[in-house]
Amino acid sequence: MVMSKQKQPTTSENPTSDSPSLTQYDAVIIGAGVSGLYQLYCLRQLGLSVRVIEAADDVGGTWYWNRYPGARFDSESYSYGYSFSDELLSEWNWSEHFSSQPETLRYLNFVADKFELRRDIQFGSRVTAATFNENDNNWVLEIEGGSKVCAQFLITALGPLSIPTMPNIEGIDSFQGESYQTARWPHESVDFTGKRVAVIGTGATGVQVIQEVAKTAAQLTVFQRTPNWCAPLHNGPIDDETQAEIKASYPEIFEKCRNSHGGFIHTADKRNALEVSAEEREAFYEKLYGERGFGIWMGNFRDVLIDQDANDTLSEFVAKKIRQRVKNPELAKMLIPTNHGFGTRRVPLETKYYEVYNQENVQLVDIRATPIEKVTEKGISTSAADFDLDMIIYATGFDAITGGFDHIDISGTTGQRLKDKWKDGPRTYLGLQIEGFPNLFTLVGPHNASTFCNIPRCSEQNVEWVSGLIGHMREHGLKRVEATKAAENEWTEHVYESAERMLFTKVSSWFMGINSNLPGKQKPTFLLYAGGAPNYREKCDEIASHEYEGCAFQ
Ligand code: N01
């Protein structure tokens, strides 16, 4: 990328608005998380005037908000950091194979400081509306509190899981003890010692927080609606020798990620589960279960996420492990999923999660059998019992993928609202552009490979592709780019076609936009892209090399 001197924004009178002046930028980025920070860095390199608008009061995105105890990577730390700067790679040392949230947040602060990113970031500012003005090909953004900015390019870096959802349970506000949503965890430390604590939710977040609370709470009650298939993380510190090896092998690490379906260091095995003998299969599962990270999900036989019979063999293997690890057979049975197979929902990685249920101070409540009826001043009442509590932790998930977009009133050409356009599910070109919404780019947006990926690996690709396109436009004096209807239709069809064979689409999860706390949000539809990061990158590169076919320029 050619580095140019960065332009300064201009402030102009705006005759069509009540506000006295509007600052004009070349580009506005919404969000200062992993993707937004890198997008800022790249657009600066192109010499654009850029403003990042961030709701939080500091950088970090998901790692800023999700401060709950136990929050950490499921990606190997060294596969998660930015790859664009050799200097950064050599300066930063990850202390664990799977870094904890405080360390990751320190890392993102280190990046922001090193590249002096904060001077272009406006913190504590939530964008409420974005309207495309056809006359001057400009986006006008409204910010909570009344101020506005405008920019030729609008780039969303909202995060796929940034809008937490609370359950619709009667009486939630009446509880007199402490209540926390994991994705809005306070900055002050929360002490569980000697307390009666409830956790609602057993997704990847619930599993991480349960492991921590169980260590010190007097009593932990887990309210589980659907058990998930979890697998061991096998975290550990990185010693000096390993650190040196990691530093020396970054090119190979990133190359491995580039070639893997999900941008992780784990690549699917070439064999089919049902082609090998039962002994060979069992030995392979055993090996993967003993290894770090997502190998058992991403590095397994290539048919286990496609073929139900193959998947059954893996689920049975993991069920056996759960039975071995949980002493009480009744509890083990409650913890084994029955309505979906291993890996067909996001696999929570765990550290002694199942052993938690062998502890005297931990109780598991199956709320499908005995539903929560209400939250009271004193605790939680199910159809079978009342639980007196000091604290309730809601690990109840997110309005995934499209939620961040729905919280901004985005209008494109002819006043069309994005929310209306996507009412039956997202329609995009490459998960990055939308017909009717020119000069808008959606990093890690719906139907983008980044959503089913080790996010930094794929979001770097997104950012570089968008930067390339913006660079192309400036080089050719183009003011406006918009996906064509035909390109959008073709991509959307391809997204659904490539997801069809995956078992993900047969079960209920946020991958399908299903969240019981958002009744009527939309019909279930696949929100990610399951065709694989390498295919996606190839497609993006091919489009760029053909003068961005599928994009209409003015
Ligand atoms: O959210 P979830 P999450 N009453 O939607 C339950 C990423 N992540 O925050 O399954 C009772 O998966 C709900 O039950 P059910 C990762 O991509 C990454 O845990 O709907 N229960 C479920 O058990 C992950 O997939 C890391 O029946 C209710 C849970 O709450 C994504 O974030 C760490 C309920 C929600 O699970 C989301 O995970 C953590 C209700 N009304 C998360 N409503 C890393 O390691 C919901 N539930 C990087």
### Task
Apply salt bridge (charged side-chain N to carboxylate O under 4.0 Å, His left out) to E255 and list each qualifying residue two or more places apart in sequence or on a separate chain.
R258
Do the side-chain N and O atoms of [X] and [Y] include a donor-acceptor pair separated by under 3.5 angstrom?
X    : Y    : answer
Y354 : Q324 : no
Q208 : T205 : no
R281 : N272 : no
S95  : E103 : yes
Y64  : D57  : yes
E493 : N489 : no
E460 : S83  : yes
Y285 : T313 : yes

Any sub-3.5 Å donor-acceptor pair from [X]'s side-chain atoms to [Y]'s backbone N or O?
X    : Y    : answer
S315 : F342 : yes
K506 : E500 : yes
W139 : P438 : yes
D399 : I163 : no
N515 : A400 : no
T156 : L158 : no
R51  : D26  : no
S249 : E252 : no
N109 : L105 : yes
D307 : A310 : yes

### Task
Would you check, one step at a time, whether the test side-chain contact (heavy atoms from CB on, under 4.5 Å) holds for Y536 with Q461?
CA-CA 10 Å; Y536 177 81; Q461 180 275 345; 3.3 Å; yes
Between [atom1] on residue [X] and [atom2] on residue [Y], distance to nearest 0.5 Å:
X    : Y    : atom1 : atom2 : value
I401 : L161 : CD1   : CG    : 6.0 Å
I155 : L443 : CD1   : CG    : 6.5 Å
L141 : L154 : CG    : CG    : 5.5 Å
L418 : D406 : CG    : CG    : 7.5 Å
S125 : I30  : OG    : CD1   : 11.5 Å
H447 : T402 : NE2   : OG1   : 9.5 Å

#### Entry: Single hit among Y80, W63, F73, W92 for ring-ring contact (aromatic ring centres under 6.0 Å, His included) with Y107
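Looking at Y80, W63, F73, W92, the match for Y107 under the ring-ring contact (aromatic ring centres under 6.0 Å, His included) is W92.
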Salt-bridge test for [X] and [Y]: reply yes if a basic N is under 4.0 Å from a carboxylate O, no otherwise.
X    : Y    : value
R480 : E482 : yes
K270 : E275 : no
K287 : E291 : yes
D120 : R44  : yes
K247 : E91  : no
E54  : R126 : no

### Candidate pair F553 and L478, rule side-chain contact (heavy atoms from CB on, under 4.5 Å), full reasoning
CA-CA 7 Å; F553 291 100; L478 301 165; 3.6 Å; yes
Please check if atom [atom1] in [X] has more than 12 non-hydrogen atoms from other residues, nucleotides or ligands closer than 6.0 Å.
X    : atom1 : result
E490 : CD    : no
D239 : CG    : yes
K352 : NZ    : no
E241 : CD    : no
E538 : CD    : no

### Task
For E76, enumerate each residue passing the side-chain contact (heavy atoms from CB on, under 4.5 Å) test, keeping only those at least two apart in sequence or located in another chain.
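side-chain contact (heavy atoms from CB on, under 4.5 Å) list for E76, sorted by chain: Y78, S79, F98, I265, H266, R292.
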Please check if the distance between the ring centroids of [X] and [Y] is under 6.0 Å.
X    : Y    : value
F504 : F452 : yes
F405 : W422 : yes
F317 : W229 : no

### Query
Picking from N439, V466, V481, T428, what satisfies side-chain contact (heavy atoms from CB on, under 4.5 Å) with Q433?
V481
### Message
Show, in sequence, the C-alpha distance, side-chain angles and deciding distance for T525 and Y496, and conclude whether the side chain to side chain donor-acceptor pair (under 3.5 Å) test is met.
### Response
CA-CA 9 Å; T525 169; Y496 290 131; 2.7 Å; yes
### Task
Give the minimum heavy-atom separation between L527 and G513, together with the two atoms involved.
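Where L527 meets G513 most closely, the heavy atoms are CD1-CA, 3.4 Å.
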### Task
Please report the shortest heavy-atom distance between C257 and R457, naming the atom on each side.
CB-CD, 3.6 Å
### Query
side-chain contact (heavy atoms from CB on, under 4.5 Å) between I53 and I29: does it pass, once the steps are laid out?
CA-CA 6 Å; I53 316 275; I29 299 163; over 6 Å; no
### Query
How far apart are the C-alpha atoms of Y82 and Y41, what are their side-chain angles, what is the distance that settles it, and do they pass the ring-ring contact (aromatic ring centres under 6.0 Å, His included) test?
CA-CA 12 Å; Y82 294 108; Y41 173 87; 8.7 Å; no
### Query
Are T267 and N259 close enough, and set up right, to give a side-chain contact (heavy atoms from CB on, under 4.5 Å), and what steps lead you there?
CA-CA 8 Å; T267 309; N259 294 323; 5.9 Å; no
### Query
Under the 6.0 Å and 45° cation-pi test, does R184 pair with W65?
yes
### Message
Within 45 degrees of the ring normal and closer than 6.0 Å to the centroid, is that where the cationic atom of R271 sits relative to F284?
### Response
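Yes, a cation-pi geometry.
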### Message
Working note: F84 + F254, criterion ring-ring contact (aromatic ring centres under 6.0 Å, His included); need CA distance, chi angles, decisive distance, verdict.
### Response
CA-CA 10 Å; F84 68 89; F254 293 130; over 10 Å; no
### Message
So, using disulfide bond (SG atoms under 2.5 Å apart) as the criterion, who are the partners of C458 when residues are at least two apart?
### Response
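If we apply the disulfide bond (SG atoms under 2.5 Å apart) test to C458, skipping adjacent residues, the hits are C453.
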### Message
Applying side chain to side chain donor-acceptor pair (under 3.5 Å) to N448 and N462, what does each step give before you reach the verdict?
### Response
CA-CA 9 Å; N448 181 312; N462 275 198; 2.7 Å; yes
